[in-house]
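Letters A, B, ... are given to chains in the order of the sequence lines, protein chains preceding strands, and every chain is numbered from 1.
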Number of protein chains: 2
Amino acid sequence: MGEHTVSSFDEDLDHIDRLIRDMGDLAGSMVSSSTMALLASDNVAAQRVISDDTIMDAKQRELDDRAITLIAKRQPMAQDLRSVVGAIRMAADLERIGDLAKNIDKRVAELNSEFRPQKLIRGVEHMAALVLSQLKQVLDSYAGRNLPSALDVWKRDKEVDAMCTSLFRELLTYMMEDPRNITFCIHLMFSAKNIERMGDHATNIAETVHYMIEGRPIMDERPKGDTTRLAAGAGG
Amino acid sequence: MGEHTVSSFDEDLDHIDRLIRDMGDLAGSMVSSSTMALLASDNVAAQRVISDDTIMDAKQRELDDRAITLIAKRQPMAQDLRSVVGAIRMAADLERIGDLAKNIDKRVAELNSEFRPQKLIRGVEHMAALVLSQLKQVLDSYAGRNLPSALDVWKRDKEVDAMCTSLFRELLTYMMEDPRNITFCIHLMFSAKNIERMGDHATNIAETVHYMIEGRPIMDERPKGDTTRLAAGAGG
């Protein structure tokens with residue numbers, strides 16, 4: 001940390017906020033690039049996402065270091081402390097979103113089959129678009145300390161789950177129909193599941209924004225879509 | 001926090017260590033219970049794991065609160081600070097292992113099909129047994145600050161991946177053979193993937209033990225098994 005030590009708490013926190021914004025931008029770009037790479041069988045784009053993940057990891061480490069130093073140096077209380085702890089939590093969720101994008105990319109090389117029904121492709125695209133919009137909204141709600149907007153993201157968690165459920169049903173039909181579709185469909189299932197989990201992390205961030213502003217966790221059970229049996233289990 | 005405020009740093013850290021031990025014990029019991037519930041179609045055991053997950057989440061929150069308070073109150077430096085930060089990271093990994101066990105349990109109700117080849121069941125059992133032994137070893141290495149033992153867990157990460165790969169191949173054969181096996185096999189694939197990811201978290205903990213003792217991250221790339229295409233992507 002080359003910072004001059006007389007910087008104020010607010011300056012330190014601004015720096016952490018900037019790191020969160022960078023990580024949020026990177027996460028968003030990794031989500032859309034990985035989905036595009038998957039659906040267009042674009043191996044070059046996939047490689048780029050994999051290297052973006054290294055940048056993401058480094059940013060998270062920098063944020064963690066700064067946050068811990070800030071806590072030790074300033075001993076913030078109440079809302080100030082929650083802001084720093086919240087930033088650590090958000091960074092962990094953003095880093096996980098990057099990991100999930102990287103996992104999708106690892107499947108890109110395998111997905112260049114001739115069998116690629118438009119309906120399935122569009123299903124994945126829609127899921128990714130929804131997750132991206134939730135991610136953008138929750139990061140904006142953090143930047144603007146906008147609690148209603150964060151709660152809106154939190155309540156909409158079940159939308160992505162429902163889309164995943166419907167896609168899984170579709171995929172199952174194709175698998176039953178012709179064993180030659182099975183491999184392709186399994187890759188798409190795991191990819192869809194990864195996108196669903198990105199949505200869970202956007203929801204976690206909404207919970208963190210709530211905690212930062214209100215100083216207590218959201219107590220209600222997180223809403224869940226009527227998931228099929230197959231898609232069962234967020235993150236499963 | 002009802003602690004008397006004159007407690008020493010070491011006493012505070014001991015308390016955090018006890019929480020890690022509790023969480024580690026709980027994680028181990030959740031891993032074995034969820035696997036047993038899955039393989040024996042035991043819905044009651046599955047429900048218990050789901051409620052254990054609530055306890056796990058509460059323990060993680062308590063640990064986080066204590067760790068942050070400790071940093072603010074004592075401003076620990078160097079190895080002391082790393083011990084506290086390391087505990088926060090380990091708690092996050094243990095909590096994720098609990099989540100993954102819960103995700104497996106959500107599939108238990110769906111897995112009571114008549115089709116359950118012994119070879120597949122044994123494959124899952126072996127993966128779970130290996131992950132449990134790695135978890136136990138890495139937690140012991142933390143308790144005893146035993147770096148070589150932690151590094152051993154870190155190096156063995158690829159063993160679980162290789163088992164998952166081989167199980168996926170087997171599952172694919174059954175799916176190709178008869179479409180009626182597909183649903184069962186997909187549940188088992190996602191369950192196996194969850195177990196593989198538990199192994200990744202045990203490896204993360206090994207990295208944290210290295211960081212706590214050595215004060216720097218393990219720089220080498222984490223070893224990876226020769227994963228099949230299907231199983232591609234740790235956590236994918």
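For the options A:Lys102, A:Arg61, A:Met175, heavy-atom pairs under 4.5 Å to chain B are most numerous at A:Met175. For chain A, the option among B:Ala109, B:Ala92, B:Ala72, B:Pro76 with the highest count of heavy-atom pairs below 4.5 Å is B:Ala72.
Put simply, CG on A:Leu172 and CD1 on B:Ile182 are 6.5 Å apart, with the number rounded to the nearest 0.5 Å.
Looking at B:Leu81, the atoms closer than 4.5 Å to chain A (heavy atoms on both sides) all sit in the side chain, from C-beta outward.
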_Between B:Met176 and A:Thr183, is the side-chain contact (heavy atoms from CB on, under 4.5 Å) condition met? List the steps._
CA-CA 9 Å; B:Met176 300 280 193; A:Thr183 306; 3.9 Å; yes

*Step by step, would you call B:Gln75 with A:Gln75 a side-chain contact (heavy atoms from CB on, under 4.5 Å)?*
CA-CA 8 Å; B:Gln75 301 129 57; A:Gln75 301 129 56; 3.0 Å; yes

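Crowding of B:Arg180 atom CZ: a count of heavy atoms from other residues, nucleotides or ligands under 6.0 Å not exceeding 12.
When all heavy atoms are compared, the tightest approach of A:Arg89 to B:Asp64 is NH2-OD2, 4.4 Å. Closest of all the heavy-atom pairs between B:Ile186 and A:Met189 is CD1-CE, 3.6 Å.
The aromatic rings of A:Phe168 and B:Phe190 are tilted relative to each other, their planes meeting at an angle between 30° and 60°.
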